Amino acid sequence: MFPRGFAWGAATAAYQIEGGWQADGKGPSIWDTFCHEEGRVFQEQDGDVACNSYELWDKDLECIQQLGLTHYRLSLSWARLLPDGTTRHVNQKGVQYYNKVIDDLLASDVSPMVTLYHFDLPQALQDQGGWKSEGIAAIFDSYAMFCFQTFGDRVKLWITINEPSVCAKLGHEDGVHAPGLKEQGTAAYLVGHNMLRAHAMAWHSYDSLFRPEQKGAVSLAINSDWLEPLRPGCEEDEAATGRDLACTLGWFAWPLFVTGDYPEIMRSAIDSQSEKLGYSGSSRLPRFSKDEPAILGTADFFALNYYTSRKVTAGGGRGQMCMKSDRDVEEVLDPSWFICGVSWLAVVPGGLRKLLKYIKDTFGSPAVYITENGFSQVGPVQMEDVRRCELFKDTILEVAKAIEEDGVDVRGYFAWSLLDNFEWADGFSVRFGLFHVDFSDAELRRTAYRSGREYGEMIMKHKRPTDVQ
Ligand code: BGC
């Protein structure tokens, strides 16, 4: 059912698993700062230790081997490598740590997929304006080049930035993620813009300076729900769905894959709302400069994080300067959908298939990696998590159908996550792991859930001996 070379993976992110927040010269990141402020995270928890993967990497590797993964997606902690965010000072201990991780993976026939940025900006850069500052793009580019130079002889799959819309919106509009800003209606668009500029610069650097020798591929991980009209055929709901898709998936995918600029629907939604509010400045959605590297064509594959679906209807509270008013939509859950752990996670396996088809049709049949998909549990731990087993199976079956019946070029699937970990503002209360982590145990023991074991069996059944790249 799955093509040769299909990547069977699991994913993690540095801040969510590593701990060692001050170890061996690491600089602070915005998540260190955010968690240490009162009232930000569930029960004042933080990622100071998390799964302690900084010290217990060997244990993570055992989990990876036990599952038989062909690929492992990890992120680098920018502040562990470059404590103040710039290449002026390199923390060699950080370099050694990731060298070991990468070498151990390769020695186990597991290909690394490496994310350069998964929400954890060095605090020193935040102090200079963070992602809102124009200069961040060039600084990110230097960091990316440093990583390509240092690890690119062995890493062939790169993600520059994970989920720019989440960083932008939750971190700068809603204030529930680091850096905790609530500058509604403006900052998130600026942040998203600078992230696209940063990504494009890094892609061009890779393309001209590293690709000829390293022969890898670079993309940006876009999270998207599948969205469909609440009342199919109803003109208003159809339009609302189009607007919502343009302002979420389209926000990043349109510039990368279609025009090099934001979707027209998105710009006009924002601009018409500005007009209604009597906002007189220039568009709140910035414009790309012709003097900078082009955005179009800077994704070598489509990296998709898919978790859930929504039904969309018109009207989201006009009259305020905020992203919700700009979109002017209401997203609702279908009562038949199973809610898995956290309230936002309505599981809709078929939504993934539809989204994959939509991506194929809209973005020119790109190669797609599903770089995240997963299911959480909350409350008393269930090691025999039969329901999650079914959800993984149902979802992977939909991926198979997308490949076979819809002709989508899906190249891999990464379960989120290898381990239970620090689930951002929800702390350790939400568990997404294939492996349970006992956070009350000094050794932070990892034990496979039933879903982990079954995912491993599925991999065993489907992977072919030549699958390792
Ligand atoms: C993020 C992960 C997160 C997961 C589950 C994704 O948005 O990339 O870091 O843990 O969703 O919420």
Side-chain angles (χ1 to χ4, degrees), residues 9-19 29-31 34-35 41-42 45-47 50-51 53 72-78 113-121 158-174 176-178 188 191-192 195 199 219-226 248-249 251-252 302-310 339-348 351-352 355 369-378 388 391-392 395 413-437 439 451:
T12 57
Y15 187 75
Q16 294 180 275
I17 64 163
E18 283 179 5
S29 82
I30 54 173
W31 269 94
F34 188 74
C35 292
V41 175
F42 175 76
Q45 294 171 347
D46 57 51
C51 308
S53 294
Y72 176 57
R73 175 174 175 230
L74 66 138
S75 86
L76 307 179
S77 158
W78 187 344
M113 174 186 270
V114 171
T115 305
L116 296 177
Y117 184 74
H118 198 124
F119 302 177
D120 51 350
L121 191 72
W158 293 98
I159 301 292
T160 54
I161 296 174
N162 181 68
E163 301 190 348
S165 71
V166 170
C167 298
K169 184 168 185 299
L170 300 192
H172 302 78
E173 166 104 0
D174 302 339
V176 297
H177 273 199
V191 164
M195 286 184 157
H199 160 80
S219 191
L220 172 151
I222 299 178
N223 62 296
S224 183
D225 301 348
W226 171 243
T248 52
L249 174 60
W251 183 5
F252 296 94
F302 200 111
L304 172 69
N305 293 358
Y306 172 80
Y307 285 91
T308 186
S309 295
R310 293 289 183 271
I339 306 294
C340 193
V342 268
S343 59
W344 57 266
L345 185 45
V347 181
V348 192
L352 176 54
L355 181 55
Y369 283 88
I370 297 159
T371 38
E372 279 181 37
N373 169 250
F375 315 99
S376 62
Q377 52 169 296
V378 173
R388 289 209 299 161
L391 300 177
F392 272 115
T395 305
Y413 174 89
F414 291 74
W416 182 270
S417 172
L418 180 69
L419 306 171
D420 285 343
N421 59 44
F422 178 78
E423 176 56 16
W424 308 116
D426 288 328
F428 299 101
S429 65
V430 176
R431 295 175 177 270
F432 267 96
L434 293 166
F435 281 78
H436 172 262
V437 176
F439 293 106
S451 56

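Counting starts at 1 for both ligands and their atoms, in listed order. This one's a predicted model, so the numbers in the text were calculated from it and none came from an experiment.
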Next item on the list: Pick out which of Gln377, Gln16, Arg431 makes a side-chain hydrogen bond (donor to acceptor under 3.5 Å, both in side chains) with Asp420.
Entry: Arg431
Considering the heavy atoms of [X], write down every atom of ligand 1 situated less than 4.0 Å from one of them.
{"X": "His118", "result": "1 (C), 2 (C), 8 (O), 9 (O)"}
{"X": "Tyr307", "result": "4 (C), 5 (C), 6 (C), 11 (O)"}
{"X": "Glu163", "result": "1 (C), 6 (C), 7 (O), 8 (O)"}
{"X": "Glu423", "result": "3 (C), 5 (C), 10 (O), 12 (O)"}

Note to self: Are any of the N/O atoms on Trp344, whether in the backbone or the side chain, positioned under 3.5 angstrom from an N/O atom of ligand 1?
What the structure shows: no
Notebook entry, point to check: So is Gln16 polar-close to ligand 1, meaning N/O to N/O under 3.5 Å?
Noted result: yes
Next item on the list: Name the orientation class of the two ring planes belonging to Trp31 and Phe422 (parallel below 30°, tilted from 30 to 60°, perpendicular beyond 60°).
Entry: perpendicular
Margin query: In terms of relative ring orientation, are Phe432 and Tyr307 parallel, tilted or perpendicular, with 30° and 60° separating the classes?
Written below: perpendicular
Check: Could you walk me through whether Tyr15 and Ser75 pass the side-chain hydrogen bond (donor to acceptor under 3.5 Å, both in side chains) check?
Finding: CA-CA 9 Å; Tyr15 187 75; Ser75 86; over 6 Å; no
Notebook entry, point to check: Are the side chains of Asp46 and Val41 in touch, meaning some heavy atoms are under 4.5 Å apart?
Noted result: no
Item checked: For Leu304, the option from Leu355, Ile222, Asn223 that meets side-chain contact (heavy atoms from CB on, under 4.5 Å) -> Leu355
Next item on the list: Would you check whether Asn162 reaches within less than 4.0 Å of ligand 1, judged by its heavy atoms?
Entry: yes
Next item on the list: Among all protein heavy atoms, pick out the one at the shortest distance from atom 6 (C) of ligand 1; state its residue, atom name and that distance to 0.1 Å.
Entry: Glu372 OE1, 3.0 Å
